[in-house]
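Reviewing the structure listed below.
One is the number of the first residue; the rest follow in order along the sequence.
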Amino acid sequence: MNLKNKILFLFILSSFCFLLSVLSATAQTASQVLITWQAQSFVPAEYQGKILPASGTNIKLGLELVITNKIQDLSKADIFWYLDGKLLGRGQGLKQINFTATKGATNSHFVRAAVNYNQQEYDGTADIPIANPKIVIQTPSPANNSIPLGKKNDFQAIPYFFNINNLGELLFTWLVNGQTFANKGDNLLGLTLTPPIPSNQNINIKITAQNLKNDLELGSKEINLNVQQ
């Protein structure tokens with residue numbers, strides 16, 4: 001084989017290898033295991049973001065296998081679920097499975113699912129971040145850190161990501177400048193400060209919420225405000 005033919009052969013070979021790599025990449029992107037997860041922790045009804053789990057939250061997992069933009073029927077497929085590298089469950093058509101978060105806040109659970117479908121294996125992964133239960137305090141003037149003198153000021157606490165079914169499972173405590181503030185009526189999420197409030201006084205407001213069924217699950221929030229004329 002002369003030099004010219006050798007160069008032509010190497011060119012054809014490299015082109016063929018490149019084509020194979022493109023076809024392989026295309027085949028991989030044409031199929032995908034989509035894993036979804038849903039945390040069963042508490043959020044207010046108007047919340048539209050992703051509900052995050054706290055430690056102890058029940059989490060529902062689900063999956064779909066998509067091949068060439070079409071969802072496949074997995075009723076006869078063998079499906080394996082893994083949680084943090086350990087087998088969580090397996091079964092024919094097992095597209096959904098639950099587990100309870102055990103890691104603490106700022107950590108995450110790693111989920112992998114393997115699907116044996118039409119004598120081929122497909123897999124997908126997901127990271128599920130763990131959050132702390134938290135509380136947001138709505139103030140009369142969200143744009144600044146002051147409240148007006150001589151007016152009634154209403155504050156509202158909004159809890160997120162607690163392992164509860166309703167607000168009645170939380171114990172709320174308001175503190176104003178370190179002193180427990182006794183709420184009247186049924187609105188334990190609300191705090192009302194009424195005149196007289198001295199001007200130029202700094203006010204520290206804090207609320208804590210504790211799960212009545214779990215002493216270790218609590219959240220708190222505090223803000224500092226200035227009373228202005």
Exercise for the section: Ignoring hydrogens and angles, tell me if any N or O in the side chain of His109 forms a donor-acceptor pair with the backbone of Thr102 under 3.5 Å. Expected result: yes
Exercise for the section: Mind running side chain to side chain contact (heavy atoms under 4.5 Å, CB included) on Phe99 and Ile128 for me, showing each step along the way? Expected result: CA-CA 12 Å; Phe99 77 95; Ile128 303 177; 4.0 Å; yes
Problem - Side-chain donor or acceptor of Asn118 paired with backbone N/O of Gln120 under 3.5 Å - result: no
Exercise for the section: Examine distances only and state if a side-chain atom of Asn116 and a backbone atom of Ala114 form a donor-acceptor pair shorter than 3.5 Å. Expected result: no
Handout entry: Smallest separation among heavy atoms of Ile130 and Gly104, with atom names
Key = CB-O, 3.4 Å
Practice task
Check whether any side-chain heavy atom of Tyr160 sits under 4.5 Å from a side-chain heavy atom of Leu52, and report yes or no.
Solution key: no
Handout entry: Student check: side-chain heavy atoms of Val176 and Asn204 closer than 4.5 Å
Key = no
Problem - Pair Arg90 + Asp78, salt bridge at N-O below 4.0 Å - result: no
Problem - Rounded distance [0.5 Å steps], OG1 in Thr208 versus CG in Leu175 - result: 6.5 Å
Problem - Geometric cation-pi criterion, Lys86 with Trp81: 6.0 Å, 45° - result: no
Exercise for the section: Quickly, which of Leu88, Asn98, Thr36 forms a side chain to side chain contact (heavy atoms under 4.5 Å, CB included) with Leu61? Name it, please. Expected result: Leu88
Exercise for the section: Find out whether Thr106 and Pro129 are in side-chain contact, i.e. whether some heavy atom of one side chain is under 4.5 Å from a heavy atom of the other. Expected result: no
Practice task
Check whether any side-chain heavy atom of Tyr122 sits under 4.5 Å from a side-chain heavy atom of Ile67, and report yes or no.
Solution key: yes
Exercise for the section: Indicate whether any N or O donor in one side chain lies under 3.5 Å from an N or O acceptor in the other, for Asn211 and Glu169. Expected result: no
Handout entry: Side-chain heavy-atom pair Gln138, Phe155 within 4.5 angstrom cut-off
Key = no
Problem - Side chain proximity check, Val111 to Ile59, heavy atoms < 4.5 angstrom - result: no
